[in-house]
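First the structure, in the form of structure tokens, and then the observations on it.
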Amino acid sequence: MSGERAPTAENPPVRRLADWSPERLRELADDHGTPLYVFDLDRARQNYRRMAEAFPEADVYYAAKANTARPVLQALADEGAGVECASAGELARALDAGVDGSHVHYTAVNPPDRDLDVAVRLAEEHPGVTITVGAEDTLDRLADRGYDGRICVRVNPGVGAGHHEKVTTGADAKFGVPYERAADLAESAAGAFEVVGIHAHAGSGISGEDLSAHRDLVGRMGELARDVEGRGIDLEFVDVGGGFGVPYSPDEDPLDLEAVAEATREALGETEATLAVEPGRYLVADAGVLLTSANTVKETPSGVVVGVGAGMTTLARPAIYDAHHEIRNVAPGADERPSREVTVAGPVCESGDSLGDHWLPDPQRGDLLAVGNAGAYGYEMASQYNSRPRPASVVSDGDDARLARRRETIADVTAVEPEVDR
Ligand SMILES: *Cc1c(COP(=O)(O)O)cnc(C)c1O
């Protein structure tokens with residue numbers, strides 16, 4: 001690892017929505033239509049570099065579920081990132097994108113048989129893949145399939161962090177084997193598999209205030225590593241998961257990555273194993289925006305409603321997590337208009353289908369709106385509910401922009417249905 005200590009002027013700790021060029025965004029919307037996800041590969045590279053520089057001793061695995069677009073996986077892998085996969089589908093995509101098996105972890109959460117079939121086959125074809133198991137019987141199911149390769153034990157650390165109860169996983173019994181059972185399990189698994197790591201993920205939302213929860217988790221993992229090593233198992237890595245927060249509001253400070261890294265090192269303590277981290281959101285959130293157009297502007301007794309093309313099927317986070325995403329009116333000359341508070345609502349027949357209330361330069365029909373921090377868990381959580389085709393997504397790389405996913409059509413929505421005689 002070389003170069004200056006992050007963050008630097010060339011690599012600020014956060015890219016705000018206001019930093020995106022409105023001209024460029026309008027150009028992309030003209031070329032590709034809306035709703036449109038726009039992703040800047042350079043920003044994801046910068047985020048990776050800051051993370052790698054803050055954790056020079058650690059292996060950084062990108063949690064692919066935040067954004068699985070192939071150019072994103074490739075750009076981060078080219079920077080040196082490994083990839084953490086949450087399903088057989090993600091595993092296939094990471095390997096298809098050319099990521100070396102030895103840089104890929106597959107985290108099996110209550111895995112369906114089909115996922116295990118695929119994972120075992122792919123692990124045979126790509127030596128070095130590590131399968132992370134969070135339940136004892138997953139080991140039996142792997143053994144039944146003839147697997148005897150690399151295993152990491154996912155632990156339920158009993159502590160969690162998260163900006164919303166639905167993203168706090170650390171203390172949720174669904175994830176990982178109970179902490180008290182983990183060392184015994186690692187020991188017994190070592191007879192049949194190659195036990196290479198232990199893992200925990202506390203949820204999404206490590207922030208300045210949340211460092212104590214992170215410290216607890218890492219401290220417990222350090223203790224467990226020493227216990228496991230004491231039983232004669234040489235761990236390659238101790239993976240303390242992701243959850244590195246990003247500011248969703250303009251007045252929120254970015255995470256002090258150096259402080260998190262320092263706390264992590266301190267809490268982990270002595271171990272021969274290499275530290276591993278799994279940032280998802282942190283690497284990609286501020287590298288993406290969602291563009292949408294104002295279709296309707298309606299005065300109502302309770303305020304102004306701006307109807308836009310992007311709804312909960314395009315960006316689900318506001319509806320699922322009450323997440324706040326900044327919105328900017330990037331129409332030409334919009335900045336000169338007076339601002340007003342408006343509700344930005346999508347086209348789905350659900351009252352929860354709203355991108356929230358925002359102060360915006362007086363929106364007019366046809367205006368282009370940009371939604372910030374849409375690079376993580378944006379396209380990935382898009383659905384076809386209401387028979388709404390999923391949007392297009394483009395990646396820009398310097399001056400180039402190319403399609404990562406074409407816009408779906410109604411024919412794509414119905415393509416999986418058997419033909420019926422009418
Ligand atoms: C989702 C997930 C991550 C990434 O979480 P972020 O909040 O996006 O950093 C990392 N590890 C595991 C196991 C996950 O499930």
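Note that ligands are numbered from 1 as they come in the structure, with each ligand's atoms numbered from 1 the same way.
- Salt bridge annotation for D42-R15: absent, with no cationic side-chain nitrogen under 4.0 angstrom from a carboxylate oxygen.
- A salt bridge is defined here as a Lys NZ or Arg NE, NH1 or NH2 lying under 4.0 Å from an Asp or Glu carboxylate O, and E79 with R49 meets this definition.
- Electrostatic pairing of E124 and R121 does not count as a salt bridge here, judged by no charged N lying under 4.0 Å from a carboxylate O.
- Ring to ring, H358 and H324 are close: their centroids are under 6.0 angstrom apart.
- Inclusion of A66 in the set of residues having an N or O under 3.5 Å from an N or O of ligand 1 is not warranted.
- For ligand 1, the polar-atom distance check against R281 finds a nitrogen or oxygen pair separated by under 3.5 Å.
- The distance criterion of under 3.5 Å between nitrogen or oxygen atoms is not met by R154 with respect to ligand 1.
- Because its NZ or CZ atom is not both nearer than 6.0 Å to the ring centre of W20 and within 45° of the ring axis, R328 does not count as a cation-pi partner of that residue.
- Any N or O atom pair closer than 3.5 Å counts here, and E278 shares at least one such pair with ligand 1.
- For T132 and R150, the side-chain atoms include no donor-acceptor pair closer than 3.5 Å.
- Close contacts of ligand 1 with H199, meaning ligand atoms under 4.0 Å from a residue heavy atom, involve 13 (C).
- Annotation: G280 places an N or O atom under 3.5 Å from an N or O atom of ligand 1; distance criterion only.
- Only the side chain of Y377 comes within 4.0 Å of ligand 1, judged by heavy-atom distances.
- Within ligand 1, the atoms closer than 4.0 Å to a non-hydrogen atom of G242 are 9 (O), 10 (C), numbered from 1 in the order shown.
- Proximity of H201 to ligand 1, defined as any heavy-atom pair under 4.0 Å, is confined to the side chain (atoms from C-beta onward).
- Those atoms of ligand 1 with a heavy atom of A63 less than 4.0 angstrom away are 3 (C), 4 (C), 10 (C).
- For the pair R220 and Y179, the cation sits on the ring face: its NZ or CZ lies under 6.0 Å from the ring centre, inside 45° of the axis.
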